[in-house]
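Both counts, for ligands and for their atoms, begin at 1 and track the order of listing.
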Amino acid sequence: MTEKLAIDGGTPILKREDYKNWPVLTDDDRRFVNEVLDSGIVAGATGPQAVALQNEWAAFTGAKYCLTTCSGTAALHMGLAAVDVGPGDEVLVPSYTFLATASCVLHQMAIPVFVDIEPRTYTMDPAKIEAAITERTKAIIPVHIQGCPADMDPILEIARKHGLHVIEDACQAHGAKYKGRMCGTMGIVGAFSLNNLKNLCGGEGGLYITNDEDVLRKGDLVRYFGDECNEKTLRQKYNASILGYMYRNQELPAALARGQLAHLDELNGTRIANSEYLSAELGKIPGVIPPHCPEGCKHVYWFYAVRFDPKAAGVDAEPRRFRIAVEKALAKEGVLVGQWQTMPVLAQDVFQSRIGIGKGYPWAINEAQGVTYKYDVNDYPVAKMLCESYTNVHSIHPPNGRELNEKVVAAFQKIFADLDAVMVHADDDVQPGFDGRLYGVG
Ligand SMILES: *Cc1c(COP(=O)(O)O)cnc(C)c1O
């Protein structure tokens with residue numbers, strides 16, 4: 001006999017109190033934050049915490065140079081500006097990612113051209129890159145999505161062949177490795193986010209890494225109004241040499257990120273152990289497809305996404321309807337699940353409407369020459385399929401461990417044993433998801 005599902009009035013397997021919140025705060029965080037308060041230095045490119053974080057992140061990744069920034073988006077934008085991507089240039093980005101991977105291109109008056117993803121890793125599909133290259137293409141931004149390294153060897157090879165810059169969006173991949181190489185160090189620039197959700201948390205902030213001295217210098221200028229410093233006095237000249245922004249970080253977030261960095265390997269270890277346990281157990285359930293970690297890679301599981309296949313589960317339903325029904329039944333069991341991105345990036349209104357900057361810029365730059373940009377979701381079948389069929393399981397972040405994840409597995413087993421009952425409730429008014437406290441938001 002099957003247990004009565006919570007969605008049918010049975011007892012839920014989990015309570016919100018079973019979940020512990022991210023980030024994990026320790027005495028190291030308190031020590032570094034107190035250093036800021038004791039020093040009275042709260043800002044500045046040469047602030048002790050910012051400089052220490054830069055040195056520590058360069059050492060951790062093996063990059064030559066690092067700059068702290070106010071966000072991962074800022075680091076991406078600095079990278080594009082530093083390699084001279086400009087108006088009308090095209091930049092290849094994956095069809096499934098966070099908006100910022102593509103919007104940073106718009107901020108540089110360049111045009112994002114989307115490349116569909118691989119069906120197993122959900123990262124940019126190298127086999128689809130060359131068809132998207134034109135004489136206007138200047139750069140590629142592969143994304144190490146959810147902590148899974150993009151397939152960098154073929155991407156770097158295509159970039160070399162066509163003379164394109166590679167800027168890695170490693171905002172979700174602190175400590176991830178591709179065939180022994182640290183994510184963020186294989187392109188000309190690596191960009192990381194320090195926002196509250198990410199594997200390395202500063203509250204907000206970002207990190208920009210490069211091995212190229214010119215790309216460091218240009219990035220540094222873009223980071224701070226394009227204004228140079230007098231080399232002798234280190235004072236600002238108040239004479240901007242190029243267009244820049246205000247993308248600096250501050251001492252308090254830098255201090256928190258340092259405290260977190262002292263534990264990054266251990267925190268990633270917990271994510272990996274929780275994820276591997278889930279994959280081993282959930283992978284036994286017909287119709288549940290766990291995330292894939294490519295051979296020779298280190299996946300750091302920023303989020304843990306599973307896909308559902310109704311056919312394999314023996315259910316006659318559209319993938320989207322099946323996924324929604326399963327999410328609702330899991331939510332009723334107390335399992336915190338739900339989607340992150342709900343559509344391929346290019347389906348968002350900003351791309352569909354082409355409002356952008358002013359009247360239709362930057363697209364209008366090339367459209368005036370007869371070039372068209374379609375942004376048709378049907379041209380990205382893998383991202384479309386993923387968005388119909390995946391959900392994130394929010395139980396892998398530390399300090400959560402085996403105890404919580406065993407209950408998550410039990411809930412999956414319970415509802416997959418009674419899918420007829422699950423499908424009856426497909427249209428119930430249940431809103432899966434999580435509260436902000438789970439990831440440190442007030
Ligand atoms: C978080 C994230 C960003 C942006 O980082 P912010 O610090 O929020 O600006 C960019 N790309 C990806 C893939 C991200 O997940």
Side-chain angles (χ1 to χ4, degrees), residues 22-23 53 57 66-81 91-108 112 114-115 117 121-124 139-150 152 155 166-176 183-184 187 189-209 219 222-223 245-250 252-254 256-257 260 271 291 299-305 339-346 348 350 383 386-387 390 392 394 397 436 439-441:
W22 173 261
L53 177 60
W57 189 245
C66 175
L67 294 171
T68 58
T69 66
C70 63
S71 70
T73 309
L76 286 166
H77 186 188
M78 282 159 50
L80 289 171
V91 178
L92 306 185
V93 299
S95 53
Y96 178 76
T97 179
F98 180 60
L99 172 70
T101 314
S103 62
C104 68
V105 178
L106 298 179
H107 290 311
Q108 200 54 18
F114 295 89
V115 174
I117 53 170
T121 62
Y122 317 137
T123 59
M124 184 184 272
I140 310 180
I141 311 182
V143 181
H144 306 299
I145 199 80
Q146 306 213 329
C148 179
M152 292 303 290
I155 293 173
V166 174
I167 293 169
E168 290 176 74
D169 182 340
C171 285
Q172 305 180 352
H174 315 73
C183 286
V189 168
F192 299 83
S193 169
L194 297 176
N195 83 22
N196 59 292
L197 290 162
K198 302 297 165 61
N199 289 32
L200 180 62
C201 169
E204 296 282 7
L207 296 160
Y208 171 99
I209 60 172
V222 173
R223 183 175 68 151
Y245 303 85
M246 177 42 195
Y247 281 168
R248 280 211 309 223
N249 203 350
Q250 318 159 49
L252 283 166
L256 177 54
Q260 293 286 305
R271 286 176 187 274
H299 190 321
V300 292
Y301 298 98
W302 170 58
F303 273 175
Y304 182 91
Q339 289 201 314
W340 175 61
Q341 301 302 300
T342 60
M343 59 183 109
V345 195
L346 57 129
Q348 295 193 34
V350 62
L386 175 64
C387 291
Y390 93 94
N392 284 324
H394 293 282
H397 62 273
Y439 293 115
V441 175

Margin query: Whether the Asp169 and Thr101 side chains hold a donor-acceptor pair (N or O, under 3.5 Å, no angle test) is what I'd like checked.
Written below: yes
Item checked: Residues in side-chain contact (heavy atoms from CB on, under 4.5 Å) contact with Leu197, at least two apart in sequence or another chain -> Asn195, Trp302, Phe303, Tyr439
Checklist line | Minimum-distance pair of heavy atoms, taken over all atoms of Gln172 and Trp340 | finding: NE2-CH2, 3.1 Å
Notebook entry, point to check: Looking at Trp57 versus Phe192, is the centre-to-centre ring distance below 6.0 Å?
Noted result: yes
Notebook entry, point to check: Under 3.5 Å, side chain of Glu168 to main-chain N/O of Gly190, donor-acceptor pair present?
Noted result: no
Check: Within the distance-only criterion (no hydrogens, no angle test), does the side chain of Glu204 pair as donor or acceptor with the backbone N or O of Cys70 below 3.5 angstrom?
Finding: no
Please tabulate, one line per pair, the protein nitrogen or oxygen atoms found under 3.5 angstrom from a nitrogen or oxygen of ligand 1, with distances to 0.1 Å, or say none if there are no such pairs.
residue  : atom   : partner : partner atom : Å
ligand 1 : 5 (O)  : Ser193  : OG           : 3.4
ligand 1 : 7 (O)  : Gly72   : N            : 2.8
ligand 1 : 7 (O)  : Ser193  : OG           : 2.7
ligand 1 : 8 (O)  : Asn195  : ND2          : 3.1
ligand 1 : 9 (O)  : Gly72   : N            : 3.3
ligand 1 : 9 (O)  : Thr73   : N            : 3.0
ligand 1 : 9 (O)  : Thr73   : OG1          : 2.5
ligand 1 : 11 (N) : Asp169  : OD1          : 3.3
ligand 1 : 11 (N) : Asp169  : OD2          : 2.8
ligand 1 : 15 (O) : Gln172  : NE2          : 2.7
ligand 1 : 15 (O) : Lys198  : NZ           : 2.9

